[in-house]
Amino acid sequence: MKIVFATNNQHKLEEIRSILGHRFEVVSLSEIGCHEDIPETGTTLEENALMKAQYVYDHYHVSCFADDTGLEVDALDGAPGVYSARYAGGEGHDSEANMTKLLSELGNNNNRKARFRTVIALIEKKDVCPCGCTSIKQIHRFEGIVNGQIIRERRGGEGFGYDPIFQPDGYTQTFAELGADVKNQISHRAKATQKLAEYLQKI
């Protein structure tokens, strides 16, 4: 089964493809000729995920899914949350600057509890008649959460984003130390993607 993933982020694409395996052919935005910078102006992960999927559906008329992920830190009232990718400001996704700002704001606070949360929005194109001359859409949402804590200094060289400072509950290593094989079994994105896969296998 072929489905479009509304991203050109190579890290995310590789992670999703690894999680879904050979059961699905996951196609990126660039592979369908979409090179636009799709707006992410929502105030929640749910809004952003749906916004990206809706853009692809409206412009390319295909079934597609999009995700948005946030790191939610208890001591910072859930920040950086929906603003995780651009937490330190600027146009790009500067992971080093984001981690530096987060660690600085936490300081010596002993409450290091945090969670990663991923929301996937799937827009499924349904043909009303066999010839496909008319169609309707169905919207589905899937969520994945992994709890953990923010450590005080970076550890590990794998992964991306906040992985070097996030240690999932039940482990003594960060996501960046655990490596892709383990992370892709226990992560927030893995949990949301597994729910997506279970749904797709039924249709």
Side-chain angles (χ1 to χ4, degrees), residues 6-7 9-16 18-19 37-52 66-121 141-196:
T7 189
N9 182 313
Q10 197 60 35
H11 290 297
K12 281 187 178 183
L13 191 61
E14 290 172 0
E15 204 168 83
I16 288 284
S18 176
I19 294 167
D37 187 13
I38 301 175
E40 296 180 53
T41 55
T43 58
T44 66
L45 300 178
E46 289 80 2
E47 288 177 2
N48 276 346
L50 183 57
M51 192 178 297
K52 289 184 281 188
D67 81 318
D68 201 22
T69 293
L71 175 64
E72 300 170 344
V73 181
D74 283 7
L76 301 179
D77 296 323
V82 70
Y83 306 108
S84 294
R86 295 181 174 85
Y87 192 44
E91 294 297 319
H93 296 193
D94 189 336
S95 296
E96 286 299 321
N98 288 339
M99 285 189 285
T100 296
K101 179 177 180 179
L102 180 63
L103 291 173
S104 174
E105 293 196 346
L106 267 179
N108 292 321
N109 194 319
N110 289 323
N111 179 7
R112 317 292 289 191
K113 290 182 180 179
R115 67 176 185 168
F116 267 120
R117 189 163 69 93
T118 289
V119 175
I120 291 177
R141 292 178 180 84
F142 310 93
E143 182 184 63
I145 295 172
V146 61
N147 293 301
Q149 62 177 318
I150 303 299
I151 62 172
R152 296 178 185 273
E153 57 185 25
R154 298 164 175 78
R155 293 205 319 254
E158 295 195 46
F160 59 99
Y162 295 91
D163 285 358
I165 60 172
F166 182 81
Q167 182 176 301
D169 286 350
Y171 293 82
T172 59
Q173 295 172 297
T174 66
F175 269 163
E177 292 175 304
L178 287 170
D181 288 346
V182 175
K183 181 187 174 185
N184 289 347
Q185 295 178 39
I186 66 170
S187 77
H188 44 295
R189 188 170 288 112
K191 292 177 180 180
T193 303
Q194 188 57 45
K195 292 176 183 178
L196 168 68

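Since we're looking at a predicted model, the values are computed, not measured.
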If every non-hydrogen atom of Ile150 is compared with every non-hydrogen atom of Leu102, which pair is closest and at what distance? CD1-CD2, 4.2 Å
Measuring only between side-chain heavy atoms, which start at C-beta, is His188 closer than 4.5 Å to Arg115? no
Option from Val182, Ile165, Ile186 for which side-chain contact (heavy atoms from CB on, under 4.5 Å) with Phe175 holds: Ile186
What distance separates Ile19 CD1 from Gln185 CD, expressed to the nearest 0.5 Å? 10.0 Å
Using 0.5 Å steps for rounding, measure from the CG atom of Leu106 to the CZ atom of Arg152. 8.5 Å
Can you name the residues that form a salt bridge (charged side-chain N to carboxylate O under 4.0 Å, His left out) with Glu47, not counting sequence neighbours? none
Heavy-atom closest pair (Pro80 atom, Leu71 atom, distance to 0.1 Å) is CD-O, 3.1 Å
Measure the shortest side-chain to side-chain distance between Thr118 and Thr193 over non-hydrogen atoms and say whether it is less than 4.5 angstrom. no
Taking Tyr171 for its side chain and Leu178 for its backbone only, find out whether a donor-acceptor pair lies under 3.5 Å. no
So do the side chains of Asn184 and Glu15 get within less than 4.5 Å of each other, counting heavy atoms only? yes
Results of salt bridge (charged side-chain N to carboxylate O under 4.0 Å, His left out) for Lys12 - residues two or more places apart only: Asp67
For Asn111 and Lys113, indicate whether the former's side chain and the latter's backbone hold a donor-acceptor pair under 3.5 Å. yes
In short, Ala49 meets Val119 closest at the heavy-atom pair CB-O, 3.7 Å
Can you tell if the side chain of Met51 reaches within under 4.5 Å of the side chain of Asp68, non-hydrogen atoms only? no
Can you tell me how far apart CG (Asn98) and CZ (Arg86) are? Round to the nearest 0.5 Å. 10.0 Å
Nearest non-hydrogen partners of Lys52 and Ala6, listed with the distance: O-CB, 4.2 Å
Could you check whether any side-chain heavy atom of Arg154 comes within less than 4.5 Å of a side-chain heavy atom of Thr100, counting everything from C-beta outward? yes
Distance in Å, Ile120 CD1 paired with Gln194 CD, rounded so as to fall on 0.5 Å steps: 10.5 Å
Identify whether NZ of Lys or CZ of Arg in Lys183 sits under 6.0 Å from the centre of the six-membered ring of Phe166 and within 45° of that ring's axis. no
Do Thr7 and Ile16 have side chains that approach each other closer than 4.5 Å (heavy atoms only, starting at C-beta)? no
Between Glu153 and Ile151, which heavy-atom pair has the shortest distance, and what is it? O-CD1, 2.8 Å
Inter-residue atom distance Asn48.CG - Glu40.CD, 0.5 Å rounding: 5.0 Å
Regarding Gln167 and Arg155, do their side chains bring together a donor and an acceptor under 3.5 Å, going by distance alone? yes
Taking every heavy atom of Leu45 against every heavy atom of Thr69, the minimum-distance pair comes out as CD2-C, 3.7 Å
